[in-house]
Structure formats: structure tokens, C-alpha cells
Amino acid sequence: MHRERLENALFRTGYLAILTFMLLPLAVVVVTSFAESGNLAFPPENYSLVHYRAFFEEMRWLSAFDNSLLVGVGTTITATTLGVTAAFGHEIDDGRAGQVLAPLVLIPLLIPPIILGISMRVYFVRAGFEASYLSIILAHTLWATPLVYFVMRSVFSRFDWQLLDAAKDLGAGPIRSFVYAVLPNVKHGIFVGALLAFIISLQEFVMALFLSSRSTETIPVVAWTEIRQSLDPMVSVVSTFLIIISLIAIVIATIATNLDWLSKQLS
Amino acid sequence: MSGTYSPSALPAPIARLWESLRERSRSKRALLLMAPLLVFELLLFVAPFLILLRISLTEGSQDLRYAPGTWSISGYGEVFSTDVLVNAITYSIMLGLLATAITVVIATFYAYAIWRSEGVVKSALLFSVVLPLLTTLVIKTYAFMPLLSPNGTLNDVLLSLNLISEPIQFVPGTVGVVVGQVYIVLPYAVLAIYSVLATMDWGIVEAARDLGASRPRSVLEVVVPQAMPGIIVATVISFAWSVGAYAAPGLLGDGQNKAQAFALVVEKRLLSNLQWEVATAYAVVMLLLMLVSIVLLTAALNYFGGEFEYA
């Protein structure tokens, strides 16, 4: 029994240490955003809101926020549309097209974003619309769609398809039967998929770095260029906003579904 | 749309592809629903890669980024003629292996802890994985600067405990890069293993313990082999992303890290030298290297995993 207690204690210490490792860096970012001095140090000597005030006066950050929002909404719309329709099609017929589609959609996630960024930059320069919002939205869609697609496949596979047949038997057309029989049962899934797509786009930066210009740069891109020049608590302020947005998204997604299911979708 | 659709409006190879897909699908409507995503992937993923490959095979140009329409392997010639490539490959594979080994060990343990826990603890552990996963790479690397720099928190703690006599430079340096990279890939690795463990029956582990296996032994010999599919996915993801690491060496590395990380080498060629044929050749070589090592890694793990089950 003594040995068992020791093992338990070691086990608990182990996972609490990892828990700390996972959350400490994010805590550091949030705490340093309230620092008074301009030097980045943890823990800060004095606390104040001076950097938050400065943030709302800095045009570059504010316009980056607008850019991120625009790109995020654009990505959410395209990724959700593509992902939901394709997952629906795959569900009603698991033919050859589906067998091609599933790996094709997944591969971009395994390729380092730097290579995707380079290939798309070269591609968009040739196509003549580099450094536009559209190029970033399309690049982010490439990353966000797989998540929507696999979330929706998991949702559709739990859906009772006899309901759709029943609607059709009762005389509803394909669109009506989808809207009235399928949609109410999968709307939580679609919502979570869309939310994840938005967060992916909001947080992605390597592809955005290669595809954006000064006027279309998103928050992570500005943060990256700022950090490379000097360490400034302002970056902590912006990061705190980003962390809070993700936090809210997780809470909403957890209410809509549950954390365990959400976690499995992300893998 | 159903009967009147004419494939003759499309270029011949695409029309052929469409026809063969259509013949093999049971339902035309399903194919139409999948078509937008298929077209998107072809246009935004396959096509850019073919163009990347094509540009890597052009001649260099004095006043353009590359000379369109020419065929040459001079880009690859330059890639293989300097020792930049050898250094980049060595560095990136070492970083990949090191970060992957650390990540997979920690991730397996943590996934097991999540699987075994219940209620609030389980939610807290899952939350600690999902939140960093949904946080930008920039923040994840940036956060380690105040923690690991010479006048950072960790050094302050170590100094005040008299464990060291002068600050150690973790950041910028290789230690910082490895820690940062592990932090970046860990959430994905944990969830990959956890989603496999979640389908597993705890009764098997209990049976092993009833038969006299100690707890560490029951985990190593029962849980790990069962979780092998998840561990393989975790290994491949960790390795692929660590070999292609950009943010961690770029921000937490010293000059040597920055000069050798593959992603930074490629970026430098693309942005500052304006030699696209060389930059794209580097990207192609990097991609091939990754694909080959992933195949080898998966094969090795499958072999190892197979052996493990019968041991």
C-alpha cells in the first residue's frame, strides 16, 4: 500500500506539472500586459493599465484588428460552406470522390505552413492578387475547412438518416427536407465548426505573414513583426485579447456541445 | 443541373476526371455537394504546388524573380552545392527528433491522466490542452521570452535558490527553441492520443493488474500498445511541424539556430535574395525530406508497435 500511495503522489505531481507548463506561458502573457514599466518582466514590479490605454490609441493595432475580423469572417463563411456541403455529400454517398476528398483535405494540415505560404505567395503573385484580403482568406480556408469537414462528418454520422427519408416520403423537396429535417439536428455542430474556423483564422500567422501587406496585416502578423524589433508589453495586451477571444469561444462551444467531444474533434 | 450538364465546357483532362468520378459515384447529387471543396483543393492546394515545382525548375534571372518558360536544374544545383542544405537538414531533423521524443512521452502520460480522471479535474486538464491549441503561435513562443531569458523568471528563481551562480542563457538558444517547439505541438499530440484512449476499455488494464502486473508495467504493456494508432499520429504531427518549425527558432533561437532552421533558410532565400528558383527548390527538397522521414517514422513505429504487442 505504501508503494501505491507513492505512485499516486508521483502521478499527480506529474500531471499537475504538465498542467502548469501548459497554462503558465499564457498566464505570463496576461499578467505582463498589466505591467507599468515598458520592460517585459515577469512578474512585473508595478501594475497599471497604461499599455491598454496606449493600445486604443495605436492606429496600426486597431486596423490590424479590423483586418483580422474581416479575414476571420470571410474564412468562416467559405470554410463552413465548403466543409458542411462536402461532409453532407460524403455522408449520403461514400463513393470514389469521398475517398479522394478525405486525404486531400487533410494533407494541408500536415505540411508546414511556411511551405504553404510560399507556394501560395508565388501562386497569387502569378494570379495577380497578392497582398489582398482574398488571398489570406483563401489560405486560411485551406486550414479551417478540414476542421469543419471532420466535425461535420462526425455530426452527420450520428444523425438518424431515416428522418431525411421520412421528410422526402412526406413530399418535401431536397432543400426543404434538409432545412427542416437535418438542419435542426446538426446546427450545434455547424456552429462549433464555424467557431473553430474563425479561431483558426484569427490565430494563424505564418501564411498570413507571407500573404499580407502593410494594409492587410492581421494581429498575429503585427505582433510578430513588433516582437522581432523590440520586446514591448503592448504585445502582451494584444495577446491577452486573443487569449480571451479563444477562451470565450471554448466556453460557448462547450455549452453548445461538450468539452470532451470538442477535444476529440481537434485532434 | 442534373441532365443538362455538359462536360464539354471544361478542359479535356478535367472533363475526363469528372466523368470517371461521376461513373464511380452512386449519386450525382452527392458528387455535386462535394464538388466545390474538391475544386477548391485543386485550385488552392494542388495547383500552387505544381507551380512551385515548375518554378524550381526554371533558370535564374537577373532582373526578374525567375525566368518563366525556361527549364533548368540550376536551382537544385545551388541548393546541393553549398553546405547550407546539409546544415539545415541536420539541424531540422535533430530538432524534429528531439522535440518529437519529448512531446510524445509527455503527451502519452498526459493523455493517460486525462483519460483516467473525472469531473472537474478532467475538464481542467482538457481545458489546459484546448486553450493553448487555439492560441496563436506568436503568443506561444513570445511567452517564453520573459520566462527563459538571462534576466528572466527561471534564472531569477535558480539564482535566488543558489542553484546556479550566474544566469544561463536558455533564450536565445537551442534550449529555448526545443521548449517552445514542444509547447507548440504538445496540445495536438495529447489530443491525438487521448481520442484513441477514450475508445479503450479500462477492464483490460484492470485484468492485467489482477494478473499481477504493477501499475507502470500495466500501462507500458497494455495501454501503450493499444494507444499506438494515436501515438503514431502524434509522432507524425510533432515531427512534421518541428522539422518545418518557423516561429520557435525564429524567435527563441540564437544566430546559429536562425541560420540553420530549414523554414528560415527558405524564407531568407524567398524574401531577401529574390531568387525564386532557389527558394522553391529548397521548399521542394524540404517537403520531400519530410515526406520520406514521415514514411520511415511511421514504418518504424508500426514495426515497433507490432513487436510490442506480442512481447
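Keep in mind that the numbers below use all heavy atoms, side chains included, and drop hydrogens, waters and symmetry copies.
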Taking [options] one by one, which has the highest count of heavy-atom pairs under 4.5 Å against chain A?
options: B:A283, B:S117, B:A279, B:P132; value: B:P132
options: B:Y282, B:Y112, B:F109; value: B:F109
options: B:V284, B:L251, B:V138; value: B:V138
options: B:V129, B:V236, B:L53, B:V130; value: B:V130

Contact class of [X] relative to chain A, heavy atoms under 4.5 angstrom:
X: B:L133; value: side chain
X: B:V121; value: side chain
X: B:L287; value: both
X: B:L33; value: both
X: B:F262; value: neither
X: B:F40; value: side chain
X: B:A247; value: both
X: B:I51; value: side chain
X: B:V233; value: neither
X: B:L43; value: both

What distance separates A:T85 OG1 from B:M34 CE, expressed to the nearest 0.5 Å?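 Answer rounded to 0.5 Å: 10.0 Å.
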
Rounded distance [0.5 Å steps], OG in A:S119 versus CG in B:L52: 5.5 Å

What verdict does the side chain to side chain contact (heavy atoms under 4.5 Å, CB included) test give for A:I118 and B:W276, after you've listed the backbone C-alpha separation in whole Å, the side-chain angles of each residue and the deciding distance to 0.1 Å? CA-CA 10 Å; A:I118 287 172; B:W276 275 17; over 6 Å; no

So which atom in [X] and which in [Y] form the shortest heavy-atom distance, rounded to 0.1 Å?
X: A:L259; Y: B:S123; result: CD2-O, 3.4 Å
X: B:S214; Y: A:R3; result: CB-NH2, 3.9 Å
X: A:S263; Y: B:L126; result: OG-CD2, 3.4 Å
X: B:L44; Y: A:L142; result: O-CD2, 4.0 Å
X: B:A240; Y: A:P112; result: O-CG, 4.1 Å
X: A:I114; Y: B:M286; result: CG2-CE, 4.2 Å

Are there over 12 heavy-atom neighbours, none belonging to A:I175, within less than 6.0 Å of that residue's CD1?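 No, not enclosed.
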
Validation: residues 11-24 of chain A side-chain donor-acceptor distances under 3.5 Å, sequence neighbours left out:
residue, atom, partner, partner atom, Å
A:T13, OG1, A:A9, O, 2.5
A:T20, OG1, A:L16, O, 2.7

Within the structure provided, determine whether B:Y246 and A:L209 are in side-chain contact (heavy-atom separation under 4.5 Å).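 Yes, side chains in contact.
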
Is B:F49 close to A:L116 at the side-chain level, that is, under 4.5 Å between some pair of heavy atoms? yes

Side chain, backbone, both or neither: which part of [X] has an atom under 4.5 Å from a heavy atom of chain B?
X: A:I245; result: neither
X: A:V105; result: both
X: A:T78; result: neither
X: A:I250; result: side chain

For chain A, which residues of residues 147-154 of chain B have at least one non-hydrogen atom nearer than 4.5 Å to it? B:L147, B:T153

Is there a side chain to side chain contact (heavy atoms under 4.5 Å, CB included) between B:L137 and A:W224 once you walk through the steps? CA-CA 9 Å; B:L137 281 179; A:W224 176 256; over 6 Å; no

Count the heavy-atom pairs under 4.5 Å between each of [options] and chain B, then report the option with the highest count.
options: A:T254, A:V206, A:L247; result: A:L247
options: A:T32, A:I115, A:L109; result: A:I115
options: A:M120, A:E204, A:E7; result: A:E7
options: A:N8, A:T81, A:I200, A:I219; result: A:N8
options: A:V221, A:L101, A:V29, A:V28; result: A:L101
options: A:I199, A:L242, A:V235, A:T145; result: A:V235

Counting only N and O atoms by type, is there a donor-acceptor contact under 3.5 Å from the side chain of A:S246 to the main-chain atoms of B:L134? yes

B:R54 meets the side chain to side chain donor-acceptor pair (under 3.5 Å) criterion, sequence neighbours left out, with none

Applying side chain to side chain donor-acceptor pair (under 3.5 Å) as the test, list every pair that has at least one member in residues 134-146 of chain B; sequence neighbours left out. A:S236-B:Y142

Does the pair B:I294 and A:L110 meet the rule for a side chain to side chain contact (heavy atoms under 4.5 Å, CB included), with working shown? CA-CA 10 Å; B:I294 287 176; A:L110 275 180; 5.5 Å; no

